[in-house]
Amino acid sequence: MKVDGTPLRTIRAVAGGEAVEIIDQRLLPHRLVIERVASADEMIVAIRDMWVRGAPLIGASAAYGVALLMNADAGDAALEAGCERIRAARPTAVNLAWAVDRMLAALRPLPAAERRAAAWALADAIAEEDVAVNRAIGDHGLALIEAIAARRPGPVRVLTHCNAGWLATVDWGTATAPIYRAQERGIELHVWVDETRPRNQGASLTAWELGKAGVPHTLVADNAGGHLMQRGEVDLCIVGCDRVTIRGDVCNKIGTYLKALAAHDNGVPFYVAMPTSTLDPKLADGVREIPIEERSAREVTHIAGLTAAGELAEVCLVPKGTTAANPAFDVTPARLVSGLVTEHGVFPADETALRALAARSTR
């Protein structure tokens, strides 16, 4: 995507395979900073501490982490141990393990002397595939927006949760790809952006990138979504995902389940943008089987922002000594999902369709 007229991606390899450059998303929307990541250990920190965010981007970052690992030591022991450390950086997004496993499968059979070049080539390929996949998701999701636009005048009103835009991928985004494609087609749009507490990815990331793209949008508190649906002010919900089970249960940022319940109660279509790399055919029951990351309580008790003096600062929101729980994700049962928008088309959230999709996909 373009930011202030300049093409920009969330991650890219530095020429010669010496390092990777990423956007440090912790500083958005107030500062756009490109950081240089020069080792697998640094990439693990970037993934764990949310310099990079979003399941597809985490997958691409993990692939580049393996490539960086090969810069230091391409031996068997280093490959296996390093990949396990990268895999453990964050437990919920299946794309991380998917990318690591794909890199391992390609590198294990090779002599150590050939692994470095092969690792960088495959990491680059995974990143480029992500761009193509997200563009295809945009094409298939565009039809949903076009159908609404054809029924009535005025903007198509889309509600989204968390950040599933280009900042969560290598480019285009998942849930936002149909929005950007509709914008290209000249369809009038308005996006309701959930703030997405406690990390505020909607407020800091989705609002920032939609603003840079010139897409009309309004930030709302997380609890406002149901109210907007009751008043008939939402035509379509579309969110991203971090893991989808073979039965169609969707794991996404905490708060997604509540939006799905409100959409179901008010007859609002609720779609999930799902690259097939996010499908986990080994799991069936999302509520019982998907590991839910429990993050630091400080993310709930404190918040960061820009002061009147233009400085970034963190402030405490709660009484001293208050404890807090911070589950980072929840699971939306398949029965609440209107459909899964993939690079291969829109599929129902059921086991028969998803097994056929898993067999079809080569990713």
Side-chain angles (χ1 to χ4, degrees), residues 1-12 21-37 42 45-54 57-58 61 90 158-169 171 173 175-176 179-180 190-225 228 239-240 253-256 293 295-322 324-329:
M1 303 300 285
K2 289 185 177 181
V3 175
D4 300 329
T6 302
L8 191 64
R9 285 190 177 178
T10 53
I11 189 167
R12 72 176 188 90
E21 289 183 343
I22 62 170
I23 298 173
D24 184 351
Q25 298 188 30
R26 299 171 304 168
L27 304 178
L28 289 174
H30 309 297
R31 296 175 186 167
L32 175 59
V33 175
I34 308 297
E35 290 285 355
R36 184 182 176 96
V37 177
E42 290 178 2
V45 170
I47 294 170
R48 184 192 65 214
D49 293 350
M50 299 180 74
W51 300 30
V52 294
R53 310 179 191 193
L57 178 56
I58 288 172
S61 300
R90 291 193 71 185
V158 181
L159 184 142
T160 190
H161 186 73
C162 194
N163 178 256
W166 69 267
L167 287 168
T169 66
D171 208 348
T176 59
I179 293 169
Y180 293 134
H190 182 270
V191 182
W192 296 109
V193 179
D194 278 357
E195 61 182 345
T196 323
R197 284 279 295 148
R199 293 290 302 214
N200 297 316
Q201 291 98 323
S204 61
L205 303 180
T206 306
W208 181 82
E209 68 170 76
L210 290 176
K212 293 295 183 182
V215 176
H217 62 282
T218 301
L219 178 69
V220 294
D222 286 347
N223 289 335
L228 294 171
V239 301
K253 187 56 59 181
I254 194 75
T256 304
E293 178 181 3
R295 294 187 60 82
S296 168
R298 192 176 183 88
E299 294 180 353
V300 177
T301 60
H302 291 67
I303 195 167
L306 200 65
T307 69
E311 298 293 328
L312 290 174
E314 184 183 71
V315 297
C316 182
L317 299 171
V318 301
K320 185 177 181 179
T322 300
N326 187 17
F329 302 90

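As a basis for the values below, the full set of heavy atoms in this structure was taken, side chains included, without hydrogen atoms, waters or symmetry mates.
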Given Met1 and Glu209, is the side chain to side chain contact (heavy atoms under 4.5 Å, CB included) satisfied, shown in steps?
CA-CA 9 Å; Met1 303 300 285; Glu209 68 170 76; over 6 Å; no
[X] side chain near [Y] side chain, heavy-atom distance below 4.5 Å:
{"X": "Leu27", "Y": "Leu312", "result": "yes"}
{"X": "Phe329", "Y": "Glu293", "result": "yes"}
{"X": "Leu228", "Y": "Trp192", "result": "yes"}
{"X": "Arg26", "Y": "Arg53", "result": "yes"}
{"X": "Leu8", "Y": "Lys2", "result": "no"}
{"X": "Trp51", "Y": "Ile23", "result": "no"}
{"X": "Glu195", "Y": "Leu219", "result": "yes"}

Which pair of non-hydrogen atoms, one from [X] and one from [Y], has the smallest distance, and what is that distance?
{"X": "Thr176", "Y": "Gly173", "result": "OG1-CA, 3.7 Å"}
{"X": "Gly240", "Y": "Ala175", "result": "N-CB, 3.9 Å"}
{"X": "Leu159", "Y": "Gly225", "result": "CD1-CA, 3.9 Å"}
{"X": "Thr10", "Y": "Trp166", "result": "CG2-O, 3.2 Å"}
{"X": "Ala313", "Y": "Thr307", "result": "CB-CG2, 3.6 Å"}
{"X": "Val300", "Y": "Ala325", "result": "CG2-O, 3.7 Å"}

Using 4.0 Å as the upper bound for N to carboxylate O, is an ion pair formed by Glu299 and Arg197?
no
Ignoring hydrogens and angles, tell me if any N or O in the side chain of [X] forms a donor-acceptor pair with the backbone of [Y] under 3.5 Å.
{"X": "Glu314", "Y": "Ala304", "answer": "no"}
{"X": "Thr322", "Y": "Val318", "answer": "no"}
{"X": "His161", "Y": "Ile254", "answer": "yes"}
{"X": "Asn326", "Y": "Ser296", "answer": "yes"}
{"X": "Asn163", "Y": "Gln201", "answer": "no"}
{"X": "Arg48", "Y": "Val45", "answer": "no"}
{"X": "His30", "Y": "Leu28", "answer": "no"}

What verdict does the side chain to side chain contact (heavy atoms under 4.5 Å, CB included) test give for Glu42 and Glu35, after you've listed the backbone C-alpha separation in whole Å, the side-chain angles of each residue and the deciding distance to 0.1 Å?
CA-CA 11 Å; Glu42 290 178 2; Glu35 290 285 355; over 6 Å; no
Identified side chain to side chain contact (heavy atoms under 4.5 Å, CB included) counterpart of Thr206 within the set Val191, Val193, Asp194, Thr196
Val193
Leu57 and side chain to side chain contact (heavy atoms under 4.5 Å, CB included): which partner among Ile11, Leu167, Ile47?
Ile11
Assess whether side chain to side chain contact (heavy atoms under 4.5 Å, CB included) is satisfied between Leu205 and Gln25, documenting all intermediate values.
CA-CA 8 Å; Leu205 303 180; Gln25 298 188 30; 3.4 Å; yes
More than 12 heavy atoms of other groups within 6.0 Å of Asp49 CG:
yes
Set out, in order, the CA-CA distance, both residues' side-chain angles and the distance that settles side chain to side chain contact (heavy atoms under 4.5 Å, CB included) for Glu311 and Leu306, then state yes or no.
CA-CA 5 Å; Glu311 298 293 328; Leu306 200 65; 5.9 Å; no
[atom2] on [Y] to [atom1] on [X], rounded to 0.5 Å:
{"X": "Glu21", "Y": "Arg36", "atom1": "CD", "atom2": "CZ", "answer": "7.0 Å"}
{"X": "Leu210", "Y": "Thr218", "atom1": "CG", "atom2": "OG1", "answer": "10.5 Å"}
{"X": "Thr6", "Y": "Lys212", "atom1": "OG1", "atom2": "NZ", "answer": "10.0 Å"}

